[in-house]
J.: 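For reference, the structure I am asking about is given below.
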Amino acid sequence: MITAGIGLGCDYNPEQWSPDVWREDVRLMRQAGIDIVAINIFGWAYLEPRPDEYDFTGLDAIVRLLHEHDIKINLGTGTASPPPWLATRHPEILPVAADGTTLYPGGRQAWCPSSPVFRRRALALVERVARRYGEHPALALWHVSNELGCHNAHCYDEDTAEAFRRWLRKRYGSVDALNDGWGTSFWSQRYGDWSEVRPPGQALSARNPGQVLDFHRFSSDELLDYYRDEVEVLRRHSAVPITTNFMVTAHIRNLDYWTWAPEMDVVANDHYLDHRLGDPTAELAFAADLTRGLAGGQPWMLMESAVGAVTWQPHNLTKAPGEAIRNSLTHVARGADAVCFFQWRASTQGAEKFHSALIPHAGTDTEAWREVLRLSATLDRLDEVAGTTVDTDVALLFSWQAWWACDGESRPSQDLRYLDQVHRAYNAVRELGATTDVVAPSAALDRYRLVVVPCLHLVSDQEAAAIQAYVAAGGHVLVTFYSGIVDQDDRIRLGGYPGAFCEMLGVSVEEFVPLLPGHEVSLDTGGRARLWTERLRTTTARPVARYVGGPLPGVAAVTRNAYGAGTAWYVATELRPDALRDVVREAVRTAGVRPLGPEGDGSVEVVRRSAPGRSYLFVVNHGTRDAEYAATGLELVTGDAVNGLMRIPAGEVRVIREESR
Ligand code: GLA
């Protein structure tokens, strides 16, 4: 890909250090086997200290130093954060919040994506950076801006209102079509003229859901358009691959990366363990699988991760010894061909001074640094894995648009959250030991034995038809509640829920019957469920589980339907994890999926990467007890031959080059 073998890299912010530290840095980078460093991410204030006055002395020196030490460069275009002079001269670039408040500069990313002034100034900088370094032999990758939309995805100023109207005109053509799309007959919201249309700022009551959904779409497109503008400048001066770092992570949902991914030369993701979640490791696996889906199954790059604590969670936990290595190898198992960290050297000032780094404040006589050296040595032993792809015959459909529509302001239960439902379904498959591709609802499904469709609230007619055709042709699908409810305009599909999937699932739902927090219902299978139930009638499906007691005694909670040559399962309630796993196990078995890993709590993950003629089995033990796994081949981490049961010590990872299967 970008580096030879499995790459190791980091963000480097030399602006924060003096030149004698730079020399020590490159020496240590060599020692740690760093292949690639990301620089100039936040370089603007140095490169253009005053309007139109450019100074490349510092960046030239760093580029030279890295090149002399044979370290490849992932060059930021430098536009992530404008310098103070820009907001001072042009306060109109500043983001405006939903309540109309203009946000101050002084943090980062304080620019409105629709600001023509910002775009002009940023592109002028990119032009100079591209011209100067575009053909430099050390340049391996362009890094456009940084985490586009991390803080500024939604802006509510006049520039945005103008751009939103332009976008809507293209989508709808006429005000009448817009009125129809947004359902403005409701609450006297009907528009008579384009000039009346605005972004959905803070309002007294729930806002128009169609307007909110389109604003999400528009905002994602607007930043993608900005990305394209930077790319257009870079391409004029450079043939080097271009990317930007995605944020496929639990708490950021503002960009529809399915539309972005095809425009990346390499898909790159930033991932940090999130300790606000019940199981951060399971989320890591999900995010890695989704990133691979974005990369179309091809290898991708982990652009940022942390060796220890971050600074932006309420409680910033460090990592246990070995955890950073294990996390990194989990990303590699799931398709990453490079593992990079934020950042090289821990800052002494600024908002991230307590963020972990490859070189911590305590220096190199530390466990953290020794772990970096161990990670580097381990990745070197895995170089031959690079270029292989992950094997699986299970897919899970994921959609940012369904997420936006599902988590809207007025819904049957505030406790119903799209990502929770996705994680639950994903975890059930993971705990059964199977690997899942996470793909778009429009993806080709024929190569999968089982397709899991969690909470796909919004689904287009075309996507629904393709899922149905897949089952009719012999595929197996497992759909969970609140799927198929609205079309692409967020309009309810009439005739019974789950509208788009009634026929395929062989059920018809008359009404949703959500449960209050703390309430549970029992099933005749012995399982329990919470949050949600449905007044469901089977048409052609047969019940697999029914409620006992609760608001719907005797009504089917889980169903199975023979549809064409395939099978469609429906889970109409939020089953407890063990009960959900029981249903998914049946679906997995019926579909003929043979999980590689053991069934359990997910603490032992087994994933295979392969290419014609070779394959590698990753066995990751997140647990606190040693695990065993049967394999034959050469174990690459230890260099030991394996023939039969292999021990994977608690917290460690083993990678077996398999003898021909
Ligand atoms: C993001 C950013 C980095 C840094 C890290 C800290 O990923 O891209 O600049 O702020 O978070 O975790």
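Order of listing sets the numbers, starting from 1, for every ligand and every atom in it. Hydrogens, waters and symmetry mates are skipped; everything else that's a heavy atom, side chains included, is used. Numbers here simply count residues along the sequence, with the first being 1.
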J.: In the structure I gave you, are the side-chain heavy atoms of P137 and H67 within less than 4.5 Å of one another anywhere?
T.: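 A side-chain contact exists here, since the closest heavy-atom pair is under 4.5 Å.
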J.: Could you see which bit of R108 sits under 4.0 Å from ligand 1, with heavy atoms only: side chain, backbone, both or neither?
T.: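 For R108, the contact with ligand 1 is made by the side chain alone.
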J.: Counting each atom of ligand 1 from 1 as listed, which ones have a heavy atom of N146 under 4.0 Å away?
T.: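 In order of number, 2 (C), 8 (O), 9 (O).
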J.: Looking at the rings of W403 and Y257, which for Trp means the six-membered one, are their centres under 6.0 Å apart?
T.: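 Ring centroids of W403 and Y257 are no less than 6.0 Å from each other.
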J.: For Y226 together with W111, are the ring centres under 6.0 Å from each other?
T.: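 Judged by ring-centre distance (under 6.0 Å), W111 and Y226 do meet the cut-off.
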J.: Heavy atoms, side chains only, cut-off 4.5 Å: are T77 and V129 in contact?
T.: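 Result no, sub-4.5 Å side-chain heavy-atom pair not found.
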J.: Measuring from atom 3 (C) of ligand 1, which candidate in E304, Q343, E147, H355 has the nearest non-hydrogen atom?
T.: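 Nearest option to atom 3 (C) of ligand 1, by heavy atoms: E304.
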J.: Looking only at protein heavy atoms, identify the closest one to atom 10 (O) of ligand 1 and say how far it is in Å.
T.: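 The answer is E352 OE2, 2.3 Å.
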J.: Would one find an N or O of D11, backbone or side chain, under 3.5 Å from an N or O of ligand 1?
T.: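 By distance alone, the answer is no.
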J.: Kindly state whether the ring of F342 and the ring of W344 have centres lying under 6.0 angstrom apart.
T.: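 Judged by ring-centre distance (under 6.0 Å), F342 and W344 do not meet the cut-off.
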J.: Output the list of atoms in ligand 1 that are nearer than 4.0 Å to some heavy atom of D270, sorted by atom number.
T.: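 Under 4.0 Å from D270, ligand 1 has these atoms: 7 (O), 8 (O).
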J.: Could you tell me, atom by atom, which parts of ligand 1 come under 4.0 Å of a heavy atom of F42?
T.: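 Close to F42: 9 (O).
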J.: Measure centre to centre between the rings of F398 and Y418, then say whether the value is under 6.0 Å.
T.: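 Between Y418 and F398, which both carry aromatic rings, the centre distance is below 6.0 Å.
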